Amino acid sequence: MKIVTLNLRHGGADRVRRIADYLLENEAEIIVLTEFRENSSGALLTDRLTATGLQRFVAPAQDARKNRVALFAPSSARALPVSPEDEDAHRIVACEVNGVAIAGVYFAQLAQKATLFDYLNKRLPPLHEDVLVIGDFNTGLHYLDEPGATFACADQFQKMGERGYSDLWRRAHGEGAREYSWMSSQRNGFRIDHAMGTGTIPSRTVACYYDHDTRRDFTDHSALWVTLR
DNA sequence: ATGCCGGTTACTAACCGA
């Protein structure tokens, strides 16, 4: 099962054609898109992906310009209800598919991330024995996923470990590994796109890697690919 | 640790995003 997350950057605009080509050519079976917008770009992307038989789950928002998270999964997938704080309604969407629960997430800027972390770490009932939380966390570990210690909510990200979540990329590449999924205009790198798995997910992960070419080709984030056995 | 930058938009000023 091949899963990918990619931040579209402001909905993707006319880049969505190339983005759809990329996702389909690489045979993504489950797709989590962050900064998805319910506008004409979002509609084009939705048409391209659902034409292959995938169904769409999208986090709710009032405004079409709101950057939200969308999840595309096989037709057998079923929606899983989530109930975050109102201000995070557009930041999480979940489904059950092929015996696992997938939650797509798009965390806010700076300290505003805290409420969604609280929901994940304290209030969200176990969705399943095997849960994959994947998307743009906008944070990571100080001095490891970034050069310094500027990340907000790094402690809450780390606390996911106590909740049984394993950082699949770090598990595959080592405790001291460094790679960046986004780069600032000052050329500082940050690893902020993550896949966190519980239960049998870590042991079933046969590949977990970033594709940095997406930053060169059509967005400002690297894609994160996860293959589950 | 944002927004001086840069991208997007029921566009050309307002918004958003490390």
Side-chain angles (χ1 to χ4, degrees), chain A residues 5-23 32-48 58-70 84-93 104-118 120 133-160 167 169-170 178-196 210-224:
Chain A
T5 187
L6 180 68
N7 181 309
L8 299 174
R9 191 177 208 184
H10 306 309
D14 57 341
R15 296 171 278 113
V16 291
R17 287 174 180 81
R18 285 178 286 147
I19 290 172
D21 288 342
Y22 168 79
L23 296 169
V32 171
L33 299 176
T34 54
E35 291 193 35
F36 180 91
R37 291 187 188 179
E38 197 73 295
N39 59 9
S40 58
S41 300
L44 200 151
L45 207 38
T46 299
D47 288 348
R48 285 287 308 279
V58 64
Q62 307 287 338
D63 188 342
R65 287 167 294 190
K66 200 93 166 173
N67 292 320
R68 54 183 109 188
V69 57
E85 302 290 340
D86 287 348
E87 66 262 35
D88 293 323
H90 58 296
R91 300 192 178 277
I92 181 166
V93 64
V105 290
Y106 171 51
F107 279 79
Q109 305 293 309
L110 303 170
Q112 292 178 325
K113 283 183 276 290
T115 50
L116 188 54
F117 270 119
D118 278 343
L120 278 180
V133 181
I134 181 168
D136 179 359
F137 285 67
N138 271 320
T139 193
L141 300 180
H142 291 158
Y143 303 114
L144 201 52
D145 295 325
E146 62 168 335
T150 70
F151 280 142
C153 301
D155 52 336
Q156 287 175 288
F157 176 71
Q158 192 158 20
K159 276 211 167 69
M160 288 188 76
D167 178 336
W169 183 87
R170 188 155 295 292
R178 287 172 183 272
E179 213 169 309
Y180 301 130
S181 67
W182 183 86
M183 203 164 270
S184 73
S185 49
Q186 289 85 19
R187 306 268 95 193
N188 290 316
F190 301 83
R191 193 174 73 94
I192 54 179
D193 297 271
H194 303 288
M196 311 293 284
Y210 292 100
D211 178 2
H212 302 300
D213 287 349
T214 60
R215 291 203 314 243
R216 179 198 64 202
D217 295 342
F218 41 62
T219 189
D220 58 343
H221 285 242
S222 307
L224 174 57

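Within every chain, numbering begins at 1; the chains are lettered A, B, ... in the order of the sequence lines, protein sequences first and strands thereafter. Only heavy atoms go into these numbers, but all of them, side chains included; no hydrogens, no water, no symmetry mates. Since we're looking at a predicted model, the values are computed, not measured.
- For A:Asn7, a side-chain nitrogen or oxygen approaches OP1 or OP2 of B:dA18 to under 4.0 Å.
- Contacts of A:Asp14 with the nucleic acid, taken as non-hydrogen atoms under 4.0 Å apart, are absent.
- Per the geometry, CD belonging to A:Glu35 stands 17 Å off P belonging to B:dG6, to the nearest Å.
- Under the side chain to side chain contact (heavy atoms under 4.5 Å, CB included) test applied with A:Val105, the options A:Asp88, A:Asn138, A:Asp136, A:Val133 reduce to a single match, A:Val133.
- The P atoms of B:dC16 and B:dA10 are separated by 12 Å, rounded to the nearest whole Å.
- Here B:dG17 presents its C1' atom at 17 Å from CZ of A:Phe107, a figure rounded to the nearest Å.
- Between A:Asp217 and A:Arg15 there is no salt bridge, since no side-chain N of the basic residue sits under 4.0 Å from a carboxylate O of the acidic one.
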Can you tabulate the close N/O pairs, meaning under 3.5 Å, that link protein atoms to atoms of nucleotides 1-5 of chain B?
none

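- No engagement by A:Tyr180 is indicated, since no non-hydrogen atom pair under 4.0 Å with the nucleic acid exists.
- With a glycosidic angle more than 90° from 0, B:dC4 adopts the anti conformation.
- Within 4.0 Å (heavy atoms only), A:Ser41 reaches sugar-phosphate atoms of the nucleic acid but no base atom.
- Counting to the nearest Å, the P atom of B:dA18 and the NE2 atom of A:His142 are 17 Å from each other.
- Under a cutoff of 6.0 Å and an axis angle of 45°, A:Arg68 and A:Phe36 do not form a cation-pi pair.
- For B:dA14 and B:dA18, the P atoms lie 23 Å apart once the distance is rounded to whole Å.
- For A:Glu38 and B:dA10, the CD to P distance is 12 Å, given to the nearest whole Å.
- In this structure, A:Ala111 and A:Cys153 approach most closely via the heavy-atom pair O-SG, 4.3 Å.
- The two atoms that bring A:Met196 and A:Asp167 nearest to each other are SD-CA, 3.7 Å, heavy atoms only.
- Comparing the C1' positions of B:dT12 and B:dA1 gives a spacing of 30 Å, expressed to the nearest Å.
- Between the C1' atom of B:dC16 and the CZ atom of A:Arg9 lies a distance of 11 Å, rounded to the nearest Å.
- For B:dC4 and B:dT9, the C1' atoms lie 23 Å apart once the distance is rounded to whole Å.
- By the 30° and 60° cut-offs, the orientation of the rings of A:Phe117 relative to A:Phe137 is tilted.
- In this structure, A:Asn67 reaches the sugar-phosphate backbone alone: every heavy-atom distance under 4.0 Å involves primed, P, OP1 or OP2 atoms, never a base.
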Please list, for nucleotides 12-15 of chain B, all pairs of protein and nucleotide N/O atoms separated by less than 3.5 Å.
none

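- Within 4.0 Å of A:Ala64, counting heavy atoms only, lies no atom of the nucleic acid at all.
- Computed from coordinates, the A:His90 NE2 to B:dC16 C1' distance equals 11 Å when rounded to whole Å.
- Residue A:His221 has a polar side-chain atom (N or O) positioned under 4.0 Å from OP1 or OP2 of B:dA18.
- With no hydrogens or angles considered, a side-chain donor-acceptor pair links A:Arg215 and A:Ser222 at under 3.5 Å.
- Residue A:Arg15 places at least one side-chain N or O closer than 4.0 Å to OP1 or OP2 of B:dT8.
- A donor-acceptor contact under 3.5 angstrom links the side chains of A:Asp211 and A:Tyr22, judged on distance only.
- At the heavy-atom level, A:Asn188 lies nowhere under 4.0 Å from the strands shown.
- Between the P atom of B:dC16 and the OH atom of A:Tyr106 lies a distance of 11 Å, rounded to the nearest Å.
- Taking the charged nitrogens against the carboxylate oxygens, A:Arg18 and A:Asp21 have no contact shorter than 4.0 Å, which rules out a salt bridge.
- Distance A:Met183 CE to B:dG17 C1': 17 Å, rounded to the nearest Å.
- Comparing the same atom, P, in B:dA13 and in B:dT2 gives a spacing of 28 Å after rounding to whole Å.
- Contact between A:Ser181 and A:Tyr210 at its shortest, heavy atoms only, is CB-CE2, 3.8 Å.
- On the P atoms, B:dG6 is 24 Å away from B:dC11, given to the nearest whole Å.
- Between A:Asn39 and the phosphate of B:dT9, there is a side-chain N or O to OP1/OP2 separation shorter than 4.0 Å.
- Residue-environment remark: CG (A:Asp86) stays at or below the threshold of 12 foreign heavy atoms within 6.0 Å.
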